[in-house]
**Q** 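Can you keep this structure in mind? I'll have questions shortly.
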Amino acid sequence: MGLDEPSLQTFPYEFRQGMAGRAHVLGDTGPNAPEHWDFGGQRPGSPPPEDIHLLLLLYARGEELLRTVLSRQRQRLAAQGFRELYSQHATHLREEKDGHIFFREHFGFRDSLSQPVIRGAMKPPRDADDYDSPIAAGEFILGHENEYQEKPLSPSVPASQDPQARLTPAESPGRKDLGLNGTYLVLRKLEQDVEGFQAFLEKNKALAPTGCRDDEKKKEWLKAKLLGRWPNGAPLKPGQHEAPDLGANPPSNAFRYAQEDGGGLGCPVTSHVRRTNPRDALAPNPDLSLKMSRRHRILRRGIAYGPSPKEGGAPPSGRGLIFMALNANIGRQFEFIQQSWMNHEKAGRLYNERDPVASGHARGMMTLPAKPLRRCVMNLQSFVTMKGGGYFFLPGVKALEFLAHLTPPAARQS
Ligand code: HEM
């Protein structure tokens, strides 16, 4: 960014360490460790210029347009002295039903259903269908009040470096606010072992209750229990053996757990969805739980890479999810969800279990609450492998203008 060391020190600790430096916190170990990543990792013996300085996200409505935009940007960047370290193509697995557009991920679930509505940012698109009131803007955008009624920590630069007054004064005297209206982007390339997942469902379908009509329905039941929603996006309710027909309605997000499904008979306590957002189900009570959950939300923008599983076979360059999350505090939001909710071995009153879909497992297990006796999913394997990523700063427009005109530190000294 061309900032000097004291200004870089005003960025949060986890951002300065970077995603690879946080591997121990994120559980990126073993086959998920940074030395195996395609980008953003610390390959043994690789020189420091391998560090990523810039992430460019290019979006287009079609492949041809994308190719044109990409080649134009490549020319521009090469002329500016940039060196391309890695590029990744991705496409939404898009689906249109009754006028609603949905995205699927490779395991076959509808995704991007539960998203925080931001207070004051826009007319809430599905406000009436959300389980809680809109979340404070400062959880996602720097310079605004967050769920603690505080402004998030924001990076700053000395006022002397901004003679054109492009930036707003920071709270500390003599400094300018570089973070205002910016945010942090978390990006992870997560490879999905679709064949492994299907084989696992096939092998363990007998765990499904006798009420499930046939083998396909049994696999769908088990799959839904691991994730915490039906593949069509419908929330899981106690007593269901099959996904409800949603008709022309989009899947609901207006559900809570404590009253209807406290024990997880519908949505298991350790399923992916309930771990990553426990809503009102945490101890000691629903009100506190809602308050707590609101402080650990992220805006997810996932997009699939690799061919659809419908095309068959395991593609040589893999398939998976480019997971993206926007948040104002990487440590308290994305990292907390990953470390304390997804990877933590104690959830609810259960021990020795981790997120069954998105965490690394070596012969893991998962408890499916059921009456009269719970069922245990044994020998869970890892269906997702971390392949690369990083933490990025998304500056607001004023900060972008400031950075574009900034004299780099070396030139400032001479
Ligand atoms: C390949 C890996 C992953 C897959 C296949 C996956 C898939 C899904 C699906 C299908 C949903 C339900 C749709 C929805 O509620 O929007 C979901 C929800 C969610 N996921 Fe993931 N996910 C993955 C990784 C992650 C990671 C790494 C995180 C964060 C650290 C995460 C956080 C969430 C959150 C916060 C929700 C919403 C829960 C709610 O509000 O009810 N996911 N995921």
**Q** Would you say Asn277 and Tyr131 are linked by a side-chain donor-acceptor pair, where the criterion is simply a distance under 3.5 Å?
**A** yes

**Q** Taking only Lys NZ, Arg NE, NH1 and NH2, and the carboxylate oxygens of Asp or Glu, determine whether Lys398 and Glu401 approach each other closer than 4.0 Å.
**A**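 Salt bridge flag = no for Glu401 with Lys398.
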
**Q** Would you please indicate yes or no on a ring centroid separation below 6.0 angstrom for Tyr184 and Phe393?
**A**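 They qualify: ring centres under 6.0 Å apart.
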
**Q** Against the six-membered ring of Tyr305, is Lys189 placed for a cation-pi contact (under 6.0 Å from the centre, within 45° of the normal)?
**A**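 Positive - Lys189 is close enough to the ring of Tyr305 and near enough to its axis.
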
**Q** Flag the pair Asp177 / Lys151 as yes when at least one side-chain heavy-atom distance between them is below 4.5 Å, and no otherwise.
**A** no

**Q** To the closest 0.5 Å, what do you measure between CG (Leu236) and CD (Glu260)?
**A**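 One finds 12.0 Å between CG of Leu236 and CD of Glu260.
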
**Q** Within the structure provided, determine whether Arg375 and Pro209 are in side-chain contact (heavy-atom separation under 4.5 Å).
**A**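 The answer is yes; the side chains approach within 4.5 Å.
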
**Q** Can you tell me how far apart CD (Glu335) and CG (Asn327) are? Round to the nearest 0.5 Å.
**A**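 It is 9.0 Å, given to the nearest 0.5 Å.
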
**Q** Should Asp28 and Arg188 count as an ion pair when the cut-off is N to O under 4.0 Å?
**A** yes

**Q** For residues Arg229 and Asn253, is any side-chain donor paired with an opposing acceptor at under 3.5 Å?
**A** yes

**Q** Side chain to side chain contact (heavy atoms under 4.5 Å, CB included), that's the test. Do Asp355 and Thr276 meet it? Break it down for me.
**A** CA-CA 9 Å; Asp355 188 306; Thr276 50; 4.3 Å; yes

**Q** Which label fits His100 and Phe102: parallel for a plane angle under 30°, tilted from 30 to 60°, or perpendicular past 60°?
**A**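 Plane angle between 30° and 60°, so tilted.
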
**Q** Return the CG to NE2 distance between Leu70 and His89, rounded to the nearest 0.5 Å.
**A** 9.5 Å

**Q** With rounding to the nearest 0.5 angstrom, report the CZ to CG distance, Arg274 to Leu282.
**A**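 Nearest 0.5 Å value for the CZ-CG distance: 9.0 Å.
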
**Q** Any chance you could measure Met324, atom CE, to Arg301, atom CZ, to the nearest 0.5 Å?
**A**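 Answer rounded to 0.5 Å: 9.0 Å.
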
**Q** Do Gln161 and Leu178 have side-chain heavy atoms sitting under 4.5 Å apart?
**A** no

**Q** Please report the interatomic distance OG1(Thr91) to CD(Glu63), rounded to the nearest 0.5 Å.
**A** 5.5 Å

**Q** Going by an N to O cut-off under 4.0 Å, is there a salt bridge joining Arg295 and Glu139?
**A** no

**Q** Within a strict 4.5 Å, meaning less than it, do heavy atoms of the Trp230 and Gln240 side chains meet?
**A** yes

**Q** What I'd like to find out is whether the side chain of Arg275 reaches to under 4.5 Å of the side chain of Ser359, using heavy atoms alone.
**A** no

**Q** Can you confirm whether Tyr13 is buried at OH, in the sense that more than 12 heavy atoms of other residues, nucleotides or ligands lie under 6.0 Å from that atom?
**A**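 It does not: Tyr13 OH has 12 such atoms or fewer within range.
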
**Q** Name the one of Phe383, Phe107, Phe109 that satisfies side chain to side chain contact (heavy atoms under 4.5 Å, CB included) with Val357?
**A**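 Of Phe383, Phe107, Phe109, side chain to side chain contact (heavy atoms under 4.5 Å, CB included) with Val357 is met by Phe107 alone.
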
**Q** Salt bridge between Arg110 and Glu95, side-chain N to carboxylate O under 4.0 Å?
**A** yes

**Q** If you define the side chain from C-beta out and look only at heavy atoms, does anything of Asn146 sit under 4.5 Å from Asn329?
**A**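 A side-chain contact is absent here, since even the closest heavy-atom pair is not under 4.5 Å.
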
